[in-house]
Amino acid sequence: MFRVKKTMEVSASHKLHFSADDSWEPLHGHNWKITIYCQSEELDEDGFVVNFLDIEAAIHDVLDHTDLGDVMDCNPSTENLARWICEHVDKCYRVDVVECCGNEATYEI
């Protein structure tokens, strides 16, 4: 099994909805640290599990300097962001997202 990981930083804003009292957190931003893990039993014809440039295009280029609520079809929590990223990267099996120091989420399939 071949495994690779790609780490990047994305600057993006979000506001969260709280169902308990139907309230919204004010729009605010973070410099999200994202680590994406991919795996494959075989390498492609170029010798890659996945091309790191393809990950950049699918994640960084889509999310950087955006409001995550405009990109995601769900409440843009750190947990949902980790899942969303995993679903948008080929051969991804795990994503770690650090919102800020002390606030982290992992999604793993």
Side-chain angles (χ1 to χ4, degrees):
M1 182 69 64
F2 295 94
R3 291 191 172 122
V4 296
K5 73 177 182 179
K6 169 73 175 162
T7 302
M8 66 183 74
E9 191 170 287
V10 170
S11 296
S13 63
H14 72 157
K15 63 180 179 180
L16 299 173
H17 181 255
F18 299 100
S19 299
D21 61 359
D22 195 32
S23 66
W24 289 88
E25 180 180 45
L27 183 67
H28 63 283
H30 298 283
N31 291 322
W32 308 81
K33 182 180 175 191
I34 299 167
T35 306
I36 300 166
Y37 301 81
C38 299
Q39 67 182 9
S40 179
E41 291 187 15
E42 302 292 329
L43 299 178
D44 69 14
E45 64 183 298
D46 296 317
F48 300 133
V49 170
V50 62
N51 187 323
F52 290 136
L53 295 176
D54 292 342
I55 296 174
E56 285 278 333
I59 303 306
H60 186 273
D61 294 355
V62 172
L63 298 179
D64 196 44
H65 290 88
T66 66
D67 177 347
L68 296 177
D70 292 339
V71 178
M72 300 168 59
D73 291 331
C74 58
N75 199 23
S77 66
T78 307
E79 297 89 339
N80 279 331
L81 178 58
R83 179 180 58 200
W84 186 93
I85 292 167
C86 193
E87 292 171 349
H88 287 82
V89 175
D90 189 35
K91 300 177 184 165
C92 183
Y93 70 92
R94 175 181 167 174
V95 176
D96 298 331
V97 176
V98 178
E99 177 183 275
C100 59
C101 184
N103 295 352
E104 302 179 22
T106 296
Y107 177 79
E108 190 168 356
I109 56 173

How about [X] and [Y]: do any of their side-chain heavy atoms sit closer than 4.5 Å?
X: Val10; Y: Ile34; value: yes
X: Ile85; Y: Val97; value: yes
X: Leu16; Y: Ser77; value: yes
X: Ser19; Y: Asn75; value: no

Nearest heavy atoms of [X] and [Y], plus distance in Å:
X: Arg94; Y: Thr106; result: NE-CG2, 3.8 Å
X: Asp90; Y: Cys38; result: O-SG, 3.6 Å
X: Phe52; Y: Lys5; result: CE2-O, 3.8 Å
X: Pro76; Y: Lys15; result: CG-O, 3.5 Å
X: His14; Y: Trp32; result: CE1-CH2, 3.6 Å

message: Could you go through Val4 and Lys91, starting from their C-alpha distance and side-chain angles, then the distance that decides it, and tell me whether this counts as side-chain contact (heavy atoms from CB on, under 4.5 Å)?
response: CA-CA 10 Å; Val4 296; Lys91 300 177 184 165; over 6 Å; no
Only pairs under 3.5 Å count here: list side-chain donor-acceptor contacts from residues 57-74, not counting sequence neighbours, and write none if there are none.
| from | atom 1 | to | atom 2 | distance (Å) |
| --- | --- | --- | --- | --- |
| Asp64 | OD1 | Ser11 | N | 2.8 |
| Thr66 | OG1 | Leu63 | O | 2.6 |
| Asp67 | OD1 | Gly69 | N | 2.9 |

Separation of [Y] [atom2] from [X] [atom1] (nearest 0.5 Å):
X: Leu53; Y: Lys6; atom1: CG; atom2: NZ; value: 7.5 Å
X: Gln39; Y: Arg3; atom1: CD; atom2: CZ; value: 4.5 Å
X: Ser40; Y: Phe2; atom1: OG; atom2: CZ; value: 8.0 Å
X: Met1; Y: Glu41; atom1: CE; atom2: CD; value: 4.0 Å

task: Describe, in one word, how the ring planes of Trp84 and His88 are oriented to each other, choosing from parallel (under 30°), tilted (30 to 60°) and perpendicular (over 60°).
output: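 The arrangement is parallel - the two ring planes meet at less than 30°.
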- request: Just say parallel, tilted or perpendicular for the rings of Tyr93 and Tyr37, cut-offs at 30° and 60°.
  value: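 Taking Tyr37 first and then Tyr93, their aromatic rings sit tilted (interplane angle of 30° to 60°).
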Just list the side-chain donor-acceptor pairs under 3.5 Å for residues 42-50, sequence neighbours left out, or say none.
| from | atom 1 | to | atom 2 | distance (Å) |
| --- | --- | --- | --- | --- |
| Asp44 | OD1 | Asp46 | N | 2.9 |
| Asp44 | OD1 | Gly47 | N | 3.0 |
| Asp44 | OD1 | Phe48 | N | 2.9 |

Residues clustering with Leu27 (ILVMFWY side chains joined when closer than 4.5 Å, directly or via others):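 When side chains under 4.5 Å apart are linked, Leu27 ends up in no cluster with other residues.
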query: Going through the distances and angles, do Asp22 and His17 end up as a side-chain contact (heavy atoms from CB on, under 4.5 Å)?
result: CA-CA 7 Å; Asp22 195 32; His17 181 255; 2.7 Å; yes
